[in-house]
Amino acid sequence: MDERTDILRLNDRQKTRLLSLGLEPDRPAAMPDGHEQRGDLLCDILRRPLPPDGQGEPAAITVQSYPVFRSVAGPPLRELLLDPKTDIAVLHRIKEYAKAMGQKAGTEAEKDVFLAIYLAAIAAAKLFHSDRITEHADTDLARFLEFFARQPWMPTVLVALFQKAISSCLEAEASGDA
Amino acid sequence: MAKPYDHTSMGGEDREFPPTQWTWILSGEKRDALLAELCQAYWKPVYCYLRAKGFANEQAKDLVQGFFSEKVLGQELVEKADPQRGRFRSLMLRAVHNYAISVHRAERPCQSLDEDHESPSPAGDPEAAFDRAWADGLLHEVLKELELECSARGKTAHWCIFRDWLLEPGPQGQDNQRMSDLCRKYGVADASAAYHMVENVKRRFRAILRDRLGSLVGPDDDLDEEIRRFIEIFSRGPARK
């Protein structure tokens, strides 16, 4: 068996059943509430690569197609935000992208989600590069991060990133660098 | 910047100038990564296609190697590709079909093209075998992503119940008992909550599947039709070998 073998070792009947799910409508009982909606949207965006400069439009966010080739489109935002080797310029671009998208967002859920990505880029810059890419003071930044780290829709990987950045902010504050 | 749909008579029919971005990628540092990605994604579908065409295991492996060396790594195929246009999968399929014919011709030079086209497939439906392997890869990626997402959102129990409930169903008529067992196994309060968890994960599976497939089959293709085709292929069972 090679590495492409199904992680669940599915048989044809199971594959058919899974594919059939793709044709089913969402059941009303499964419709997401506010938290679920934010979590879904955040995960959908984090799966995608950083759009090329100046090409992100709010309407495109929910319908933007998944990139055919990762080597062409680049790694997903999730990886960029969590990889210590991500260039600071890229984190800056993510921050600006999230800021622009948040300002154009049509719903509160979208605004919240882009704000979370905006803060994640700032947190990553602080943690991985000891660089400040925001004018917010460390005390304010720690407060924002704490608020978002508590949100039930926040993926654990971002919660961990936020918490480390909070510690970094508090240390800077204590040492008088804030 | 070249328009994505600019046509040219250079090089014969069915060739388009690739869009500027594509050309840049091919000449840039990402080229090797792209080609490696193509090999990883299409090695198995191409192999399965050739096996269904009747080539023996070792011969099929050699041919896959040749196909990727000559057609894919040699850039001939990638240069024809326009990511804005339709399915890359179809382009791959046509390319391997033509490659198999050219190999066959080289081995049996007196055989006509018509014979090649009309000779019955000795080991099943090659196109279905190709699509089947491709859909396998797609499902694998979708499930991997879904499991990762469930884990990142603190929904490991959701994932486990979804997996057990959907993929390992118990005897008919014993659904309630089975769900109660799963509740005990994963510490879920009651069956109603567990059913809700399954629906929740189903919704995410559907979203990820359609998201991925949507870009891979091309903007104008009908997603539902594509999914039905895969269902039909898997319903038929594996190709004969």
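Note that the structure is predicted; figures quoted are calculated from it, not measured.
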Exercise. Can you say whether L209(B) sits under 4.5 Å from chain A via the side chain, the backbone, both, or neither, judging by heavy atoms?
Worked result: side chain

Problem set entry | chain B interface, residue from D40(A), L42(A), L19(A), N11(A) that has the most non-hydrogen pairs under 4.5 Å | D40(A)

Exercise. Taking C-beta and beyond as the side chain, do K15(A) and I233(B) meet within less than 4.5 Å on heavy atoms?
Worked result: no

Exercise. Can any side-chain N or O of R206(B) pair as donor or acceptor with the backbone N or O of L23(A) at less than 3.5 Å?
Worked result: no

Exercise. Under a 4.5 Å heavy-atom cut-off, does chain B meet the side chain of P25(A), its backbone, both or neither?
Worked result: backbone

Exercise. Is the number of heavy atoms from other residues, nucleotides or ligands within 6.0 Å of CD (E24(A)) greater than 12?
Worked result: yes

Problem set entry | E36(A) and R153(B): CA distance, side-chain angles, deciding distance, salt bridge (Lys or Arg N to Asp or Glu O under 4.0 Å) verdict | CA-CA 10 Å; E36(A) 281 291 317; R153(B) 295 176 75 176; 3.7 Å; yes

Exercise. Would you call H140(B) and L10(A) a side-chain contact if the rule is heavy atoms closer than 4.5 Å?
Worked result: no

Problem set entry | Interatomic distance, R17(A) atom CZ to I231(B) atom CD1 [nearest 0.5 angstrom] | 12.0 Å

For this session: Pick whichever of A135(B), A152(B), S235(B) has the most heavy-atom pairs under 4.5 Å with chain A.
Result: A152(B)

Exercise. Can you tell me if NE2 on H129(A) sees more than 12 non-hydrogen neighbours from other groups inside 6.0 Å?
Worked result: yes

Exercise. Given the options R204(B), E232(B), R236(B), which has more heavy-atom pairs under 4.5 Å with chain A than any of the others?
Worked result: R204(B)

Exercise. Can we say R78(A) and E149(B) salt-bridge, meaning some charged N sits less than 4.0 Å from an Asp/Glu carboxylate O?
Worked result: no

For this session: List the steps, then state whether side-chain contact (heavy atoms from CB on, under 4.5 Å) holds for L166(B) with L21(A).
Result: CA-CA 10 Å; L166(B) 198 77; L21(A) 294 180; 3.5 Å; yes

Exercise. Heavy-atom distance under 4.5 Å to chain A: side chain of F205(B), backbone, both or neither?
Worked result: side chain

Problem set entry | Residue E79(A) excluded, over 12 heavy atoms near CD under 6.0 Å | yes

Exercise. With side chains defined as the heavy atoms from C-beta onward, is the minimum distance between I208(B) and R47(A) less than 4.5 Å?
Worked result: yes

For this session: Spell out, as yes or no, whether a donor-acceptor pair under 3.5 Å connects the side chain of R210(B) to the backbone of G22(A).
Result: yes

